[in-house]
There are 2 protein chains.
Amino acid sequence: MVTIKDVARRAAVSPSTVSRVIAGSNRISLQTKLRVQQAMEELNYVPNAIARSLARSHTRTIGFTVARQADEAFANPFFSEVMRGMSTVAQALDYNILLSINPSAEEEREKCMRLIKERRVDGLIVSTSRMKDRLIDALAEEQIPFVLIGRSAEKPVLSVNNDNVQAARTATAHLFEQGYERVLFLGGDRRLVVTQDRLAGYKQACYEWQRAYDESHALEAEFSIEGGYRALLEAKERGIAFDAVLAADDLLALGALKYAETSHYRVPEQLGVVGFNDSPLLSFVRPPMTSVRILAYELGIEAMELLIDTLENPAKAGMKKEILLPSELIVRASSVRSGGENTAGR
Amino acid sequence: MVTIKDVARRAAVSPSTVSRVIAGSNRISLQTKLRVQQAMEELNYVPNAIARSLARSHTRTIGFTVARQADEAFANPFFSEVMRGMSTVAQALDYNILLSINPSAEEEREKCMRLIKERRVDGLIVSTSRMKDRLIDALAEEQIPFVLIGRSAEKPVLSVNNDNVQAARTATAHLFEQGYERVLFLGGDRRLVVTQDRLAGYKQACYEWQRAYDESHALEAEFSIEGGYRALLEAKERGIAFDAVLAADDLLALGALKYAETSHYRVPEQLGVVGFNDSPLLSFVRPPMTSVRILAYELGIEAMELLIDTLENPAKAGMKKEILLPSELIVRASSVRSGGENTAGR
DNA sequence: CTGTTAGCGCCTTCAA
DNA sequence: TTGAAGGCGCTAACAG
């Protein structure tokens with residue numbers, strides 16, 4: 001291995017001089033700088049990042065952690081896109097990404113703390129947030145630099161989120177506009193902030209359109225196609241009437257489609273369906289599915305930029321910026337009634 | 001920050017003694033060991049991984065690199081699953097994963113070399129392999145520990161792959177069995193080994209079923225739904241007749257479905273379609289699509305295990321093991337003809 | 001502008 | 001079984 005000493009020897013200078021040209025210091029004569037650079041090239045020298053990290057006590061690497069139950073759709077393209085976004089800015093700003101996929105929230109929490117205490121990463125980007133989130137508590141308490149993709153329901157933290165309330169409100173309103181009377185909210189885990197926010201938007205639309213809302217209209221489903229399917233079956237068995245579904249994820253919406261199919265309801269005539277995330281294949285599903293398009297790539301970009309910015313400008317660390325990204329309702333056949341331009345209400 | 005010295009002081013021993021209990025040395029009295037452990041707990045001490053890495057000259061982190069053109073489907077759930085697999089064994093064996101998504105093959109290559117020369121990672125897992133792959137050349141030449149997810153067309157290297165030849169052969173045979181006469185191969189970039197392997201399997205089946213094959217039957221498409229669609233349109237314009245398509249990826253297969261739709265061919269009656277990767281939503285596409293299921297998660301597992309094994313047992317580094325995982329054809333409606341149990345041939 | 005010195009936090013001989 | 005000393009490769013005062 002070629003070290004800074006080898007370069008120093010070859011350029012006939014001291015190691016610190018070499019260190020200076022690496023750092024791009026200007027307190028150096030052009031002449032020796034050139035000599036050192038030549039030596040570095042001839043020796044094919046690349047500074048050891050580990051030694052650097054130890055000396056400077058930071059690593060230029062960011063940890064990204066996800067908690068995914070094995071079966072749950074980590075396949076969700078959402079995460080791939082977020083990662084691509086993060087990667088783009090990391091690359092540009094010369095940072096690295098340490099990835100940790102964890103089987104449970106507990107293990108994620110432990111992993112996060114460990115990455116920080118081991119000093120492997122300078123900061124963290126974490127994703128799913130619960131209403132009462134122990135990970136966020138711990139991170140905040142220990143003053144660890146991190147940004148949340150999502151929103152914190154409690155203390156203010158750095159976060160990047162899409163406007164779930166607004167998006168759910170728009171999507172629900174769209175269904176009402178199409179003439180659907182009884183829209184059900186089909187959400188995932190109630191403890192997740194994202195579920196609550198989408199539910200809030202749904203309720204808001206109900207209120208604005210003066211539709212009755214009670215607890216029975218908000219279903220909680222296991223996060224899968226099957227889960228969505230079963231939740232609707234149960235709802236029906238419990239005698240809940242509905243002619244449309246706002247699902248908090250495409251998987252659940254697909255479950256609704258399956259429900260319609262097995263129960264012989266026609267979509268969109270007898271059942272309107274709207275999903276969340278706009279998975280790429282949705283236009284091939286029959287009928288093509290309406291869904292809220294989330295700016296996942298941009299979410300990744302913003303999160304990484306925000307984190308690195310606070311890392312490099314500790315002054316800003318105080319202000320808990322919360323970035324909100326817009327989303328867009330992509331209307332397809334699953335929620336458009338032939339004669340449904342019923343713009344009653346409001 | 002609490003260091004090994006703090007622990008030493010509190011336990012009234014020397015730092016080297018603390019170091020020994022961290023390493024789990026047995027040349028230590030139970031008594032002092034306990035005392036040290038207690039001190040570590042009381043101080044909430046976690047060894048600094050960077051300092052450790054420097055002293056031991058390895059990092060216990062593995063680099064995983066992908067080259068993805070921005071638009072191309074990194075969204076492909078394949079990678080998420082591979083990552084999940086890698087993560088599972090990394091977690092279990094106490095390794096970390098450094099993720100690098102690169103815009104191009106060149107940048108991927110540079111990033112790989114850099115990660116290694118900077119000593120940020122102990123080894124690499126790389127994914128896409130080309131027929132004449134400069135990345136693999138470079139890695140092999142510099143004796144860098146790495147495993148390839150895929151197959152190297154040239155020099156033998158450690159690799160984990162699914163049996164593409166066999167899978168394509170089976171899928172093609174399935175189409176012939178269903179009575180299709182003219183099956184087209186719809187592949188992605190010709191320079192990719194995976195494309196060549198799937199094409200080889202396709203040819204093999206053609207040969208076994210005594211069907212004519214010439215170059216015009218193997219289409220090269222841009223890797224997207226649109227790309228698959230256009231490739232088939234062009235084929236038709238060039239006067240190539242076909243009644244079935246074996247696509248080397250689900251996206252391309254979806255393009256075939258789109259082609260059928262716009263050209264008013266009925267699937268599967270007039271056009272049979274088979275894809276690769278069995279993306280989760282495929283059963284909701286209309287008609288449900290036949291596809292080859294790849295063991296992506298297992299691919300990730302095997303790759304990580306193989307790499308760590310060679311890292312920790314340098315003796316094995318010589319033998320270039322190649323692991324081959326089976327895949328499975330998931331038959332759905334897009335390739336099953338009503339009266340198509342035509343088991344002619346062979 | 002450049003070299004010397006002293007760490008960063010941990011590991012690893014070598015003695016005792 | 002334990003401690004002292006030196007080193008991993010680089011950075012950062014402090015002199016000069």
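Computed from a prediction, not measured in an experiment: that's the story for all the values here. Letters go in sequence order (proteins before strands), and every chain restarts at 1.
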Just checking A:Arg119: does its CZ atom have more than 12 heavy atoms from other residues, nucleotides or ligands closer to it than 6.0 angstrom? no
From the 5' end of DNA chain C to its 3' end, which nucleotides mark the outer limits of contact with chain A, defined by a 4.0 Å heavy-atom distance cut-off (strictly under)? C:dC1 to C:dG9
Output the distance between atom CG (A:Asn96) and atom CD1 (A:Ile62), rounded to the nearest 0.5 Å. 9.5 Å
Heavy atoms under 4.0 Å, any strand shown: does A:Thr3 hit a base, just sugar-phosphate, or nothing? sugar-phosphate
Are there more than 12 heavy atoms of other residues, nucleotides or ligands under 6.0 Å from atom CE of B:Met319? no
Compare all side-chain heavy atoms of A:Met1 with those of A:Asn48 and state whether any distance is below 4.5 angstrom. yes
Classify A:Arg119 by what it touches in the nucleic acid, base, sugar-phosphate, or nothing, heavy-atom distance under 4.0 Å. nothing
One thing to verify: whether B:Asp94 and A:Arg114 come together as a salt bridge, which I'm taking to mean a side-chain N less than 4.0 angstrom from a carboxylate O. yes
What is the 5' to 3' range of DNA chain D, first to last nucleotide, that sits under 4.0 Å from any heavy atom of chain B? D:dT1 to D:dG9
Roughly how bent is the helix from C:dC1-D:dG16 to C:dA16-D:dT1 end to end, in steps of 10 degrees, with each end axis from five pairs? 40°
Check this for me: does any side-chain nitrogen of one of A:Glu312 and A:Arg60 sit under 4.0 Å from a carboxylate oxygen of the other? yes
Does A:Asp6 come within less than 4.0 Å of A:Arg9, counting only side-chain N to carboxylate O? yes
Relative to the 5' end of DNA chain D, which residue comes earlier, B:Ala55 or A:Pro15, by the nucleotide with the nearest heavy atom? B:Ala55
What contact category does A:Ser57 fall into here, base, sugar-phosphate, or nothing, at under 4.0 angstrom with non-hydrogen atoms? nothing
Check whether more than 12 heavy atoms from other residues, nucleotides or ligands sit under 6.0 Å from atom NZ of B:Lys5, and answer yes or no. no
Using side-chain contact (heavy atoms from CB on, under 4.5 Å) as the criterion, list what pairs up with B:Ala92, not counting sequence neighbours. none
If you measure from the Lys or Arg side-chain nitrogens to the Asp or Glu carboxylate oxygens, is any gap between B:Lys111 and B:Glu108 under 4.0 Å? no
State whether the number of non-hydrogen atoms from other residues, nucleotides or ligands found under 6.0 Å of B:Arg191 atom CZ is greater than 12. no
Can you sort out which residues in residues 21-49 of chain B have a heavy atom within less than 4.0 Å of DNA chain C? Ascending by number, please. B:Tyr45, B:Pro47, B:Asn48
Which heavy-atom pair separates A:Pro156 from A:Glu322 by the least distance, and what is that distance? CA-OE2, 4.2 Å
Heavy atoms under 4.0 Å, any strand shown: does B:Val13 hit a base, just sugar-phosphate, or nothing? sugar-phosphate
Mind checking side-chain contact (heavy atoms from CB on, under 4.5 Å) for A:Ser53 and listing every partner two or more places apart, or none if nothing turns up? A:Thr59, B:Ile50
